[in-house]
2 protein chains.
Amino acid sequence: MARFTHPRLEDVPLDLALHALADPNRLGMVARLAATERLSCTDAAPCDTIPKSTLSNHLKLLRAAGLIETTQAGREMINTLRRADFDRRFPGLLDAVLANRID
Amino acid sequence: MARFTHPRLEDVPLDLALHALADPNRLGMVARLAATERLSCTDAAPCDTIPKSTLSNHLKLLRAAGLIETTQAGREMINTLRRADFDRRFPGLLDAVLANRID
DNA sequence: TTCAACAGTTCAATATTCCCGAACTATTAA
DNA sequence: TTAATAGTTCGGGAATATTGAACTGTTGAA
């Protein structure tokens, strides 16, 4: 099946990073990955009503923004937060966003 | 002419704030306002090729996100950053974003 | 007083992006 | 093999964004 492409963080513009975070579903997934590390796509889902095609697209966008890495493990895709990479590229940003979540 | 509505920051969700910042034109305007304080719409513009209707819409969105305040002064609309309000609502967020601008 | 120029908004049409059902691919277990 | 599982990709409709054109309100000049 598809193998995933992960950008170098230098190539990720701030706009894209912010855009990826500017959505409650994606933000929820990032928060979950920040807490749990290593989640399959369905486990990373923000709720169990979201269609899987939508979920897949959200995860693709998070990948493109350099926020997550996805690797295949059997028939699951395992997602992890690229926190170190992301923090090096955008110091303090993810912390600030996550700290301000939970409304 | 139109008088502007400014939301209470408690009513601004994080998603909206991030969405407002997740655009190079708007981010440029915010950065300019962070540096200059009190700019007319045209002076706040990120470049001189952007259509004024587009500019007006961007500013409307920044208002809705609680990022700027707009008041009328003669035939100009004067925009200022609502930094204190925004920082109280989303501590550290704007700093982190502005610090990571300039690619 | 007009009148024209200016600063910006609003409207409506087009262009772009997003969402999600349906079809598909790949892996595993039976 | 086959069926179930885990997820991707595709395509069309829904939602957003962009922008030219028309409009509102303000000011300065004739």
dA6(D) phosphate, OP1 or OP2, under 4.0 Å from S40(A) side-chain N/O: no

Integer-rounded Å distance: dA7(C) C1' and L39(B) CG: 15 Å

L81(A) side, atom CG; T36(A) side, atom OG1 - distance, nearest 0.5 Å: 10.5 Å

Evaluation steps, side-chain hydrogen bond (donor to acceptor under 3.5 Å, both in side chains), between R38(A) and T80(A): CA-CA 5 Å; R38(A) 292 189 59 78; T80(A) 59; over 6 Å; no

Pairs flagged by salt bridge (Lys or Arg N to Asp or Glu O under 4.0 Å) wherever residues 71-88 of chain A is involved - sequence neighbours left out: R82(A)-D85(A), R83(A)-D87(A), R83(A)-D95(A), D85(A)-R88(A)

Least distance between heavy atoms, P13(B) atom then D11(B) atom: CD-O, 3.3 Å

Footprint string (nucleotides 13-20 of chain C, 5' to 3'): B base within contact, S backbone only, - free, heavy atoms under 4.0 Å: -----SSB

Side chain to side chain donor-acceptor pair (under 3.5 Å) partners of residues 41-50 of chain A, not counting sequence neighbours, each pair once: S40(A)-T42(A), S40(A)-D43(A)

OP1 or OP2 of dT9(D) under 4.0 Å from side-chain N/O of K60(A): yes

Heavy-atom pair of closest approach, residues P7(A) and R63(A): CD-O, 3.2 Å

Whole-Å gap separating P (dT8(D)) and CZ (R3(A)): 12 Å

Length of the CZ-C1' vector between R75(A) and dA29(C), whole Å: 7 Å

